[in-house]
Amino acid sequence: MKDYCEKKMEAAAAFDLRGQIRSCERYGSGHINDTFLLVCGEEGEDRRYILQRMNHQVFRDIPGLMQNIKGVTTFLRHQIQKDQGEPDRETLNLVPTREGKDYYQDSSGNFWRMYLFIEGASCYNLVEKPEDFYQSGKAFGRFQRLLADFPARELTETIPDFHNTPVRFQTFLKAVEKDTAGLASGVGEEIRFIKEREQEMGLALKLQREGRLPLRVSHNDTKLNNIMIDDMTGEALCIIDLDTIMPGFSIFDYGDSIRFGANTAAEDEPDLSKVSLSLPLFEVYTKGFLEGSGGRLTPAEISLLPYGAKMMTLECGMRFLTDYLQGDVYFHISRPGHNLDRCRTQLALVADMERKWEAMEGILKQYAG
Ligand code: ADP
Ligand code: GN1
Ligand code: MG
């Protein structure tokens with residue numbers, strides 16, 4: 001980490017900024033990239049930018065990733081203009097380097113990019129008001145609508161098999177078998193819980209192969225803190241964290257939001273008695289997502305939304321457990337056992353979804369029209 005911080009000033013200077021750099025400090029609470037808030041001063045007026053070191057251990061094809069982001073944000077700008085929106089705030093906007101490129105590679109090989117800072121908006125780690133979650137559902141639904149005509153197949157798979165749950169399951173089994181950190185014997189209960197659900201993991205891919213589930217431009221990381229809510233209007237303003245945009249399924253975008261936002265506890269809550277699926281939050285998000293998608297989802301996609309929620313939660317629990325067993329090599333952690341706590345909340349949430357399955361389907365029917 002220290003290394004990257006030293007390189008941040010070299011990186012900042014490579015971008016086409018106006019004015020003097022005043023400060024460049026760590027920012028946000030993402031698990032993957034290193035994010036900095038850069039302040040530049042010009043004639044008494046400060047301008048803010050987001051500088052990010054992309055995690056090239058996680059994202060192996062940075063040129064492909066940046067091409068996805070450039071393509072999708074350019075397309076979104078046009079769509080937002082057609083909708084009479086505000087393209088500088090309703091989508092991410094890349095700041096080019098002085099050489100006119102979309103990213104910069106520093107002298108140690110790290111990759112950096114810069115965005116305009118979205119002013120007057122905030123990201124939340126927990127749903128504070130149901131209205132925020134409704135807004136977030138509407139925005140991710142709208143994202144599906146705005147990108148429905150974008151050629152999804154042209155996008156690079158920035159992390160191959162990212163939401164391929166059967167492949168994630170195989171990786172998990174290997175981690176259990178290898179048991180690099182010698183921790184598997186302490187998590188027998190969690191391993192059993194995951195294995196018992198293996199049969200359910202391949203349904204979306206099977207339906208896609210049969211032509212019954214469309215491939216979409218999907219965001220793939222639709223948690224609440226990847227959306228900015230306007231401080232003035234309270235409306236969802238901009239979807240951020242576009243690294244994982246690739247061909248995928250709308251039901252998983254919906255599902256990942258439910259996994260994170262409709263949980264009554266934080267993703268890393270150690271006290272499992274606090275974890276449950278909030279049906280009121282499930283309801284407001286479902287309503288927002290269906291409204292925002294403006295009729296662009298197929299009946300098959302709509303009927304599979306609860307399945308999407310369960311699979312994203314199970315898959316995420318499996319990924320946290322895999323990382324715990326491998327010695328915390330993927331997700332940033334801030335305490336020992338952090339990934340195990342995260343895994344346990346996800347599995348507890350899956351169990352609660354199973355208990356509330358009929359209620360989830362009932363709510364969906366109410367809004368599906
Ligand atoms: P990660 O992949 O590590 O989660 P993100 O791209 O989500 O990284 O960025 C981390 C945090 O930085 C976000 O949660 C948000 O608070 C802030 N952020 C990112 N982009 C912007 C932006 N353009 N304007 C304002 N804040 C931003
Ligand atoms: C990571 O980057 P961030 O913090 O938004 C992860 C997601 C997980 C999430 C769990 C590229 O998201 O897939 O669902 O953590 N992103 C990547 O909180 O692996
Ligand atoms: Mg993020």
Side-chain angles (χ1 to χ4, degrees), residues 1 4 25-39 47-61 65 68-69 73 87-95 112-126 136 157-165 168 171 218-231 237-246 248 252-253 255-261 263 266-269 309 311-323 328-334 338-339 341-343 345-346 349:
M1 173 47 51
Y4 310 140
E25 301 298 332
R26 275 209 148 254
Y27 192 75
S29 58
H31 292 350
I32 302 294
N33 295 310
D34 295 311
T35 302
F36 302 88
L37 169 63
L38 183 92
V39 183
R47 274 169 185 275
R48 306 204 287 175
Y49 300 89
I50 285 285
L51 174 68
Q52 277 183 327
R53 185 192 75 89
M54 291 171 262
N55 186 329
H56 64 275
Q57 246 71 48
V58 167
F59 299 104
R60 315 299 290 210
D61 177 7
L65 175 151
N68 283 357
I69 294 184
T73 54
D88 280 355
R89 292 179 81 227
E90 292 178 32
T91 180
L92 284 173
N93 284 276
L94 286 164
V95 176
W112 300 81
R113 69 173 163 229
M114 195 171 290
Y115 290 122
L116 296 182
F117 188 90
I118 297 164
E119 299 287 352
S122 310
C123 286
Y124 296 94
N125 279 317
L126 257 187
S136 140
E157 246 193 294
T158 57
I159 301 182
D161 295 319
F162 190 61
H163 284 321
N164 184 330
T165 319
R168 295 279 187 190
T171 309
S218 56
H219 180 282
N220 295 304
D221 190 4
T222 56
K223 56 186 192 184
L224 187 72
N225 65 12
N226 284 332
I227 188 152
M228 305 209 56
I229 310 260
D230 192 310
D231 296 334
L237 182 69
C238 179
I239 289 172
I240 61 167
D241 206 345
L242 304 178
D243 300 312
T244 47
I245 283 203
M246 50 189 140
F252 288 166
D253 272 6
D256 200 37
S257 286
I258 297 291
R259 169 191 83 71
F260 191 84
N263 186 352
E267 184 180 72
D268 59 354
E269 170 60 57
M311 263 324 98
M312 284 301 92
T313 314
L314 182 62
E315 183 190 278
C316 198
M318 191 158 75
R319 291 175 62 199
F320 286 140
L321 190 56
T322 304
D323 199 32
D328 306 314
V329 291
Y330 186 87
F331 296 103
H332 293 338
I333 55 160
S334 46
H338 205 163
N339 273 317
D341 287 344
R342 290 172 175 151
C343 157
T345 62
Q346 301 306 292
L349 189 59

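Below, each value reflects all heavy atoms present in this structure, side chains not excepted, and no hydrogens, waters or symmetry copies. Every number for a ligand or one of its atoms is a count from 1 in the order of the listing.
Here Asp243 has no heavy atoms under 4.0 Å from ligand 2, in either its backbone or its side chain. Contacts of Phe260 with ligand 2, taken as heavy-atom pairs under 4.0 Å, are absent altogether. Only the side chain of Lys223 comes within contact range of ligand 2, with a heavy atom under 4.0 Å; no backbone atom does. With a 4.0 Å cut-off on non-hydrogen atoms, Arg259 touches ligand 2 through its side chain and not its backbone. Heavy atoms of Leu92 found under 4.0 angstrom from ligand 1 belong exclusively to the side chain. Contact annotation for Asn226 and ligand 2: only side-chain heavy atoms (C-beta onward) come within less than 4.0 Å of the ligand. Using a 4.0 Å cut-off between heavy atoms, Asp241 contacts ligand 2 through its side chain alone, with no backbone atom that close.
Nearest non-hydrogen protein atom to atom 19 (O) of ligand 2 is Tyr330 OH, 2.4 Å. With hydrogens left out, the protein atom closest to atom 24 (N) of ligand 1 is Ile118 N, 2.9 Å, a heavy atom. Among protein heavy atoms, atom 10 (C) of ligand 2 sits closest to Glu267 OE2, 3.3 Å. In this structure, atom 3 (P) of ligand 2 lies nearest to the protein heavy atom Asp221 OD2, 3.4 Å. Summary of contacts: the protein heavy atom closest to atom 11 (C) of ligand 1 is Gly28 CA, 4.0 Å. Looking from atom 13 (O) of ligand 2 to the surrounding protein, the closest heavy atom is Arg319 NH1, 2.7 Å. With hydrogens left out, the protein atom closest to atom 1 (C) of ligand 2 is Ile32 CG1, 3.9 Å, a heavy atom. For atom 15 (O) of ligand 2, the closest non-hydrogen atom of the protein is His31 CD2, 3.3 Å.
When only interatomic distances are considered, the shortest N/O to N/O separation between Tyr115 and ligand 1 does not fall below 3.5 Å. Close N/O approach between Asp243 and ligand 1 is not found [any backbone or side-chain N/O within under 3.5 Å]. Considering backbone and side-chain atoms together, Gln52 places an N or O closer than 3.5 Å to an N or O of ligand 1. Between Asp241 and ligand 1, a contact under 3.5 Å exists for at least one N or O pair.
What you find for Arg89 and Gly120 is that their closest heavy atoms are NH2-O, 3.6 Å. Nearest heavy-atom pair, Asn33 versus Asp243, reported as atom, atom and distance to 0.1 Å: ND2-OD2, 2.8 Å. When every heavy atom of Cys343 is checked against every heavy atom of Leu321, the shortest pair comes out as SG-CB, 3.7 Å.
Near Phe320, the atoms of ligand 2 lying under 4.0 angstrom from a non-hydrogen atom of the residue are 10 (C). With ligand atoms numbered from 1 in the order given, ligand 2 contributes 11 (C) to contacts under 4.0 Å with heavy atoms of Thr244. Near Phe59, with a cut-off below 4.0 Å to any heavy atom, the atoms of ligand 2 are 11 (C).
Thr244 and Asp221 share no donor-acceptor pair across their side chains, judged by distance under 3.5 Å alone. Under 3.5 Å, the side chains of Asp256 and Asn220 contain no donor-acceptor pair of N or O atoms.
With hydrogens and angles ignored, the 3.5 Å screen pairs no side-chain donor or acceptor of Thr345 with any backbone N or O of Asp268. Between the side chain of Ser257 and the backbone N or O of Thr222, at least one donor-acceptor pair lies under 3.5 Å. When atom types are taken as modelled, the side chain of Asp253 and the backbone of His219 share a donor-acceptor pair closer than 3.5 angstrom.
Using the six-membered ring where Trp is involved, Tyr27 and Phe117 have ring planes that are perpendicular, over 60° apart on the 30 and 60° scheme.
Remark: Asp34 engages Arg26 in a salt bridge, criterion side-chain N to carboxylate O under 4.0 Å. No salt bridge links Asp323 with Arg342; every basic N to acidic carboxylate O contact stays at or beyond 4.0 Å.
Nearest to atom 26 (N) of ligand 1 by heavy atom, out of Val95, Leu116, Asn225, Ile50, is Ile50.
Because the distance cut-off is set at 2.8 Å, Asn226 qualifies as a neighbour of the Mg ion (ligand 3) through one of its N, O or S atoms.
For Tyr115 and Tyr49, the ring centers sit 6.0 Å or farther from each other.
Within the structure, ligand 1 has Met228 among the residues with a heavy atom less than 4.0 angstrom away. Using 4.0 Å as the threshold, Arg48 has no heavy atom nearer than that to any atom of ligand 1. Not a single heavy atom of Arg342 sits under 4.0 Å from any atom of ligand 2.
Between the Mg ion (ligand 3) and the N, O or S atoms of Asp241, the shortest distance is to OD2.
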